[in-house]
Protein chains: 2
Amino acid sequence: MMTKREKNTQQPPLSGPATLADIARLAGVSPVTVSRAINTPKLVKPRTLEAIERVIAKTGYVPNLLAGGLASRRTRLIAAIVPSVASTIFAETIEGLNAELVSAGYQLLLGLSGYDLNRELELTRAILARRPDGIILTGITHMKETRAMLTGAGLPIVEIWDSTPSPLDTAVGFSHYDVGALVAEYLLAKGHERYAQIGANDPRARQRRDGFVSRLAGITTVEIPAIEMNSPSTFQDGREALGQLLDRGGGSLAVFGSSDVVAHGALTEAIARGCRVPEDVAIVGFGDFDFAPHTYPPLTTVRIDRRMIGTQAARSILRKISGEDVASMVEVDFEIVRRGSA
Amino acid sequence: MMTKREKNTQQPPLSGPATLADIARLAGVSPVTVSRAINTPKLVKPRTLEAIERVIAKTGYVPNLLAGGLASRRTRLIAAIVPSVASTIFAETIEGLNAELVSAGYQLLLGLSGYDLNRELELTRAILARRPDGIILTGITHMKETRAMLTGAGLPIVEIWDSTPSPLDTAVGFSHYDVGALVAEYLLAKGHERYAQIGANDPRARQRRDGFVSRLAGITTVEIPAIEMNSPSTFQDGREALGQLLDRGGGSLAVFGSSDVVAHGALTEAIARGCRVPEDVAIVGFGDFDFAPHTYPPLTTVRIDRRMIGTQAARSILRKISGEDVASMVEVDFEIVRRGSA
DNA sequence: CGCTAAAATGAAAGCGCTTTCATTTCCGGA
DNA sequence: TCCGGAAATGAAAGCGCTTTCATTTTAGCG
C-alpha cells in the first residue's frame with residue numbers, strides 16, 4: 001500500500017502519450033503485468049485485469065507497437081506490393097487480402113510498384129526496414145537483388161497472380177500461359193480467318209500472349225499479329241490497335257485483349273466501324289471487370305476470382321507465420337465467361 | 001589498428017540480420033557514425049562514409065526502422081483510411097497520395113473501413129499504435145471516440161473528400177452539397193417534368209442528394225423522389241431504381257445518380273425499356289469513371305480530380321510534419337462533363 | 001608553429017515495450 | 001494446520017536504433 005501511494009504521489013505530469021509504465025503505476029502493478037493484461041489476458045487474475053483495463057480506458061492508452069515489435073520481433077504487419085491499385089485488377093485482391101489480415105489482427109503495408117521492377121526493389125528495401133512478419137509480391141519476375149534481399153530476410157513470402165513450380169517461398173495464382181491457350185481454343189472453335197492479340201507488356205500479359213499464340217501456331221498457317229503497349233493498357237490503346245488490325249484488311253478477325261479495358265476499346269472501335277460482332281470481329285477480354293456485362297455487345301472474357309487471390313495469399317502467409325505447412329503453389333481457377341462479343 | 005583487428009577477430013557469427021552495431025564494428029567506427037552515415041551523410045567525412053557504405057553493401061544491411069522510429073519518434077509512416085479501394089473512386093486518390101509520399105521518403109499504411117464508422121474507430125486505434133507521422137481519413141464524419149483519440153494523439157490529420165469549415169486539423173475536398181445543387185441547376189436548364197435522385201447512403205452521397213433536392217425544391221412543385229441504397233451503390237441498384245421510377249409513370253425524367261456506376265445502371269435500364277435518352281430520361285452520374293465516355297449513350301457526369309485529392313492531402317500532411325503553415329481547408333474543383341446522357 | 005573554431009567522432013542514456021527467470025501468492029488435500 | 005504445485009506477479013535485461021553532450025581531429029590563419 002505504502003509503495004503504491006508513494007508512486008501515485010510522485011507521478012509526473014505525463015509528458016506525451018501514456019506509456020505502459022504509466023498504466024502500471026496508475027494501476028498499482030508492474031509493467032509486465034500490464035503487458036500481459038494486453039497480450040495474454042488469461043495469465044492475469046480477473047481482478048487485476050479489470051483494474052488495468054479501467055486505467056487503460058481512462059487514460060486512452062494506445063500501446064506503442066514500435067516498441068512492442070522491436071522487443072518481440074513480431075510486428076503484426078504484412079506488406080504487399082502490387083503494380084497499381086487504380087487499375088481495378090489488383091484492387092479487389094487487396095481488399096480480400098486486407099479483410100483476411102485484419103480479422104487475424106494484422107495490418108497491411110501497401111507498396112505500389114507501377115509495373116517497374118526497380119521500384120519493386122526499392123519498395124522491398126523500404127518495406128523490409130519495417131520488419132513485416134510477411135511480404136506479398138505480385139508476379140514471379142523480380143530482380144536478383146530483390147530475390148536476394150527477400151530470401152536473406154528470412155520471412156514468409158507469397159507471390160501472387162502467377163503460377164510457378166519454383167516460387168521464392170509460396171505462390172498463389174494461375175498460369176497466364178494456360179489462359180492464353182484456353183482463349184485460343186475458344187476462338188478456334190468459332191472458326192475465324194484471322195487471329196490477333198493486343199495488350200500490355202508486363203510479364204503476365206506476355207505469358208497470356210505466348211499461350212495464345214503458341215496454341216494457334218500449330219493450327220492456323222497465317223501469321224498472328226500481336227500489338228503490344230505499356231502496362232496498364234488503356235481503352236484508347238484498344239481502339240487504336242483494333243483500328244490497325246482492321247486497316248490491314250482480311251477476313252473475319254478474332255482478338256484476345258490482355259485486359260477488359262483494352263478489349264472494350266477494341267470492341268468500341270469495331271462497332272464504330274460498323275463491323276458485326278461477333279461475326280466479323282470477335283473479341284475476348286481478360287479480368288471480367290464490373291463493366292464487362294454492360295458493354296455493347298456484352299464482353300466475353302476470362303474470369304478470375306481476384307478477391308480470392310488476396311484471401312488465399314493472406315491465409316498462406318498467416319499459416320506460414322504460425323509455422324504450419326503451406327502448399328508452395330496454390331492454383332486459382334479461371335474460366336471463360338461467354339457473352340456477346342465472341 | 002590494434003583495436004580494429006581485435007574487434008574484427010572477436011566478431012560473433014552474426015546471428016540474425018546485421019545490426020547497426022555490426023556495421024560499425026566491421027567498418028571500424030562507432031555506431032553513431034554509422035547512424036549518421038545513413039541519415040545525415042554530410043556530417044560524415046567522405047573517406048569514412050565510403051568505408052561504411054562498402055560494408056553496408058557487402059552485408060546487405062537493412063536498418064531497422066522500428067528501432068529507429070522508437071528512438072527518434074518519427075516513423076516516416078503515413079496512414080490513410082478509405083472506405084474501399086475496389087470501388088475505383090478512392091483508388092486513384094490512394095495512388096496520388098502514395099506517389100507523393102514515396103517521393104518524400106514516406107510509406108503508406110492503408111486501412112479500409114468499408115463505409116463503417118465503427119471499423120474506422122478500430123482502424124484508427126490500430127494505426128495510432130504504429131505511431132505514424134500523420135493520418136489521413138476519408139470524410140468529416142467520425143465517431144466521437146475516433147475524434148478524441150485522433151486529437152489526443154497530436155499528429156497531423158488530413159480529412160479528404162469533403163469540405164468543411166471546421167476540420168479536425170486540415171481537410172482537402174469539395175462540397176458535395178454544392179455538387180448536388182450544380183447538377184440540379186444543370187438539369188433544370190434542360191426542362192424536365194420529373195426529377196429524382198438515386199444513390200448510396202454514405203454521408204457524402206447524402207450531401208449530394210440534399211444539395212440536389214434543396215436546389216430543386218424551390219423551383220419545382222412536384223415531389224422529388226430519392227431512392228437510397230447501401231454504399232457502394234451498384235449497377236444493379238441503378239437499374240432497379242430507374243425501373244421503379246419509370247413504373248410510377250409521368251413525364252420526362254431527370255435523374256442524378258450518386259455514382260457513375262449506379263447512373264450507368266439507370267442508363268442501361270432506360271435504354272432497355274426503349275426510352276429516348278436524354279429526351280425521355282436524362283441521367284447525370286458522379287465521378288467521371290473510366291467507362292463514362294464509353295457507355296451508350298456516353299454518360300454526363302461530375303468530374304473530380306480524384307488523384308489530385310491524394311496529392312494535395314500528401315502535400316498538406318508533409319508540410320504539417322515539417323512544421324510549415326497549411327491551409328486548414330483545401331478546396332478541390334469539380335465540373336460537369338457534358339456528354340450524351342443529359 | 002601555435003591557437004581557435006569548425007568538423008568529425010564517440011560515450012552513454014534511453015525510446016517503450018517483451019522476454020526470460022525468479023519470486024510471491026493462492027489453493028486444495030493430507 | 002501445513003505443504004506442494006499451480007497461478008500470478010515482478011525484476012532485470014535487452015530489442016536496435018537516435019539523441020544529447022563531450023571529446024578528438026582537422027583545418028584555417030596570424
Side-chain angles (χ1 to χ4, degrees), chain A residues 1 3-4 7 12 14-52 56 59 61-77 126 128-133 153, chain B residues 3-4 7 12 14-52 56 59 61-77 128-133 153:
Chain A
M1 276 313 270
T3 319
K4 187 175 165 188
K7 279 181 178 169
L14 279 195
S15 70
T19 71
L20 212 174
D22 296 329
I23 304 302
R25 200 180 314 125
L26 293 174
V29 299
S30 78
V32 225
T33 305
V34 178
S35 175
R36 278 192 276 253
I38 293 171
N39 300 309
T40 49
K42 296 153 212 163
L43 296 185
V44 178
K45 179 157 50 170
R47 282 183 51 106
T48 319
L49 187 57
E50 199 187 324
I52 293 175
I56 289 181
T59 54
Y61 168 65
V62 178
N64 185 328
L65 252 42
L66 293 177
L70 181 59
S72 71
R73 299 151 167 293
R74 299 188 316 108
T75 52
R76 303 220 142 237
L77 244 197
L128 289 180
R130 311 231 178 239
R131 302 295 190 264
D133 292 342
Chain B
T3 317
K4 189 174 164 189
K7 280 181 177 169
L14 278 198
S15 71
T19 72
L20 212 174
D22 296 328
I23 304 302
R25 200 179 316 125
L26 294 174
V29 299
S30 79
V32 226
T33 304
V34 177
S35 175
R36 278 192 277 253
I38 293 171
N39 301 307
T40 49
K42 296 153 212 167
L43 296 186
V44 178
K45 179 157 52 171
R47 281 183 51 106
T48 318
L49 186 58
E50 199 188 324
I52 294 175
I56 289 182
T59 56
Y61 169 64
V62 178
N64 185 328
L65 252 41
L66 293 177
L70 180 59
S72 69
R73 296 151 169 293
R74 298 187 317 106
T75 53
R76 303 220 143 238
L77 243 198
L128 289 181
R130 308 223 181 247
R131 303 294 190 265
D133 292 342

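These numbers come from a predicted model, not from an experiment.
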Asks: Given the rule in the side chain to side chain contact (heavy atoms under 4.5 Å, CB included) test, do R131(B) and L77(B) qualify, once you have shown the distances and angles that lead to the verdict?
Replies: CA-CA 8 Å; R131(B) 303 294 190 265; L77(B) 243 198; over 6 Å; no
Asks: Checking contacts here: which listed nucleotide (dA11(C), dT9(D), dT19(C)) is nearest the side-chain heavy atoms of T33(A)?
Replies: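 The answer is dT9(D).
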Asks: Looking at every non-hydrogen atom in both residues, tell me the closest pair between I23(B) and A18(B) and how far apart they are.
Replies: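 Closest pair (atom of I23(B), atom of A18(B), distance): CD1-CB, 4.5 Å.
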Asks: Just to be sure I understand the geometry, which residues of residues 43-52 of chain A put a non-hydrogen atom under 4.0 Å away from DNA chain C?
Replies: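 Going residue by residue through residues 43-52 of chain A, none turns out to have a heavy atom under 4.0 Å of DNA chain C.
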Asks: Whole angstroms only, please: what is the CG-C1' distance between N39(A) and dT19(C)?
Replies: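 Going from N39(A) (CG) to dT19(C) (C1'), I get 12 Å.
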Asks: To the closest 0.5 Å, what do you measure between OH (Y61(B)) and CD1 (I38(B))?
Replies: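 Here the interatomic distance stands at 4.5 Å.
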Asks: To the nearest 0.5 Å, what is the distance between CG (L66(A)) and CG (L70(A))?
Replies: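 These two atoms lie 8.5 Å from each other.
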Asks: Show the distances under 3.5 angstrom between N or O atoms of the protein and N or O atoms of nucleotides 14-16 of chain D.
Replies:
{"residue": "dC15(D)", "atom": "O3'", "partner": "R73(A)", "partner atom": "NH2", "Å": "3.0"}
{"residue": "dC15(D)", "atom": "O2", "partner": "A71(A)", "partner atom": "N", "Å": "3.4"}
{"residue": "dG16(D)", "atom": "OP1", "partner": "R73(A)", "partner atom": "NH2", "Å": "2.8"}
{"residue": "dG16(D)", "atom": "N2", "partner": "A67(B)", "partner atom": "O", "Å": "3.3"}

Asks: Would you indicate whether the side-chain heavy atoms of R76(B) and L65(B) approach each other to under 4.5 Å?
Replies: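 No; the side chains remain at least 4.5 Å from each other.
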Asks: What distance do R25(A) atom CZ and D22(A) atom CG have between them, rounded to the nearest 0.5 Å?
Replies: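 Nearest 0.5 Å value for the CZ-CG distance: 5.0 Å.
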Asks: Once you build an axis from the first five pairs and another from the last five of the helix from dC1(C)-dG30(D) to dA30(C)-dT1(D), how far apart in angle are they, to 10 degrees?
Replies: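 For the helix from dC1(C)-dG30(D) to dA30(C)-dT1(D), the axes at opposite ends meet at about 40°.
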Asks: Which is it for V29(A) and V34(A) under the side chain to side chain contact (heavy atoms under 4.5 Å, CB included) test, yes or no, and what are the steps along the way?
Replies: CA-CA 7 Å; V29(A) 299; V34(A) 178; 3.7 Å; yes
Asks: List the residues meeting side-chain contact (heavy atoms from CB on, under 4.5 Å) with S72(A), not counting sequence neighbours, and say none if there are none.
Replies: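 By the side-chain contact (heavy atoms from CB on, under 4.5 Å) rule, S72(A) matches R74(A).
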Asks: Holding to side chain to side chain donor-acceptor pair (under 3.5 Å), I want the full list of residues that pass it with D133(B), two or more places apart in sequence or in another chain.
Replies: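 Partners of D133(B) under the side chain to side chain donor-acceptor pair (under 3.5 Å) test: T75(B).
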Asks: For a quick test of your reading: what N or O donor-acceptor pairs under 3.5 Å do the side chains of residues 40-51 of chain A make, sequence neighbours left out?
Replies:
none

Asks: Write down the distance between CZ (R36(A)) and P (dA7(D)), rounded to a whole number of angstrom.
Replies: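 Rounded to whole Å, this separation is 14 Å.
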Asks: Please tell me if S35(B) has a side-chain N or O lying less than 4.0 Å from either OP1 or OP2 of dT18(D).
Replies: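 So the side-chain polar atoms of S35(B) do come within 4.0 Å of the phosphate oxygens OP1 or OP2 of dT18(D), strictly under.
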